[in-house]
Protein chains: 2
Amino acid sequence: MNAQFKKGVLELCVLAQLAKGDKYGYELTETISEEMSVASGTLYLLLRRLKDENYFETYLVETAGGPARKYYKLTDKGMSYTQELKSGWLEFVGQVDRLIQ
Amino acid sequence: MNAQFKKGVLELCVLAQLAKGDKYGYELTETISEEMSVASGTLYLLLRRLKDENYFETYLVETAGGPARKYYKLTDKGMSYTQELKSGWLEFVGQVDRLIQ
DNA sequence: ACAATATATGTTGTAATGCTACATAGATAG
DNA sequence: CTATCTATGTAGCATTACAACATATATTGT
């Protein structure tokens, strides 16, 4: 797994997952891990950064078995940023395709 | 243009271009610039690194008008690395697609 | 009772790579 | 003789993913 390929794209994957509904950190780690390797520490750093930039709000939910979960919820700003980032990504993939075909 | 998206992928674009035939640095800058923005300094650093890793050999060609051109030629190692990187990229794009669809 | 495992969040320091800005130089056009 | 195009190169900075570590709760196995 080429770590460099993920630069900037992991952010899009996280945002796109949250666009489907609120999720907590550990849950995101597991979902993304189904497709590609990702260190859990990386996810938490990314989540904190995106929260600092006001792309999400968070709330805690207690659980019967295990520690509390911190859920992330996209803000309006987060939603429009997700759309921009996604279309930027699709454009980029097209550009690369034309260069490597 | 999201600079992070290019991390690692610019390398693939350069290698894939050279797989089509020898090119010199300035020529690569122009070809790649048709699809995406790229600083010429970035290209020269990348070319030096890939040469240090023995993915290319180089040769100088004098020109009638202007400075000499340094051509880059893929080695066998460079060709197989290009193939690996390309299939790694295509796999990655598929993984991202499934996460952001 | 105790250890191992799964769940869950977080921090520190490092490595890789693209960007900006700058430097150099030959040849040609105005 | 200045500006522009062609052509190559370097120095320092910013961003982001990784490895390794730290903390804590709850359950399962022995």
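Per chain, numbering begins at 1; letters A, B, ... match sequence-line order.
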Where do [X] and [Y] come nearest, in terms of heavy atoms and distance?
X       : Y       : answer
B/Gln17 : A/Leu99 : NE2-O, 3.0 Å
A/Val96 : B/Met36 : CG2-CE, 3.9 Å
A/Gly25 : A/Leu47 : CA-CD1, 3.9 Å

Distance in Å, B/Leu85 CG paired with B/Cys13 SG, rounded so as to fall on 0.5 Å steps: 9.5 Å
Rounded distance [0.5 Å steps], CG in B/Leu12 versus CD in B/Glu84: 12.0 Å
Covered region of DNA chain D, 5' end to 3' end, by chain A [heavy atoms, under 4.0 Å]: D/dT16 to D/dA26
Donor-acceptor contact present, side-chain A/Thr75 to main-chain A/Asn54, <3.5 Å: yes
Close residues, residues 43-63 of chain B, relative to DNA chain C [heavy-atom separation under 4.0 Å]: B/Leu45, B/Arg49
At 4.0 Å (heavy atoms only), tell me whether [X] reaches a base, stays on the sugar-phosphate, or touches nothing.
X       : result
A/Gly41 : base
A/Tyr72 : sugar-phosphate
A/Lys7  : base

Contact list for residues 14-26 of chain B, test salt bridge (Lys or Arg N to Asp or Glu O under 4.0 Å), sequence neighbours left out: none
Contact list for residues 35-63 of chain B, test salt bridge (Lys or Arg N to Asp or Glu O under 4.0 Å), sequence neighbours left out: A/Arg98-B/Glu35, B/Glu11-B/Arg49, B/Arg49-B/Glu53
Parallel, tilted or perpendicular: rings of A/Phe92 and B/Phe5 (30°, 60°): tilted
Inter-axis angle, terminal five-pair segments of the helix from C/dA1-D/dT30 to C/dG30-D/dC1 [nearest 10°]: 10°
Residues touching DNA chain D, which here means a heavy atom under 4.0 Å, drawn from residues 21-36 of chain B: B/Tyr24, B/Gly25, B/Tyr26
Using ring pair (Phe, Tyr, Trp, His ring centres under 6.0 Å) as the criterion, list what pairs up with [X], not counting sequence neighbours.
X       : value
B/Tyr72 : B/Phe56
B/Tyr81 : B/Tyr55
B/Tyr26 : none

Set of residues satisfying salt bridge (charged side-chain N to carboxylate O under 4.0 Å, His left out) with respect to B/Glu30, sequence neighbours excluded: none
Outermost DNA chain C nucleotides near chain B [under 4.0 Å, heavy atoms]: C/dT17 to C/dA27
Toward the 5' end of DNA chain D, by each residue's nearest nucleotide, B/Arg69 or A/Ala39: B/Arg69
B/Pro67 vs A/Ala68, nearer the 5' end of DNA chain C by closest nucleotide: A/Ala68
Verdict with supporting geometry, B/Tyr44 and B/Thr42, side-chain contact (heavy atoms from CB on, under 4.5 Å): CA-CA 6 Å; B/Tyr44 287 110; B/Thr42 299; over 6 Å; no
Partners passing side chain to side chain contact (heavy atoms under 4.5 Å, CB included) against A/Ser37 (at least two apart in sequence or in another chain): A/Met1, A/Lys6
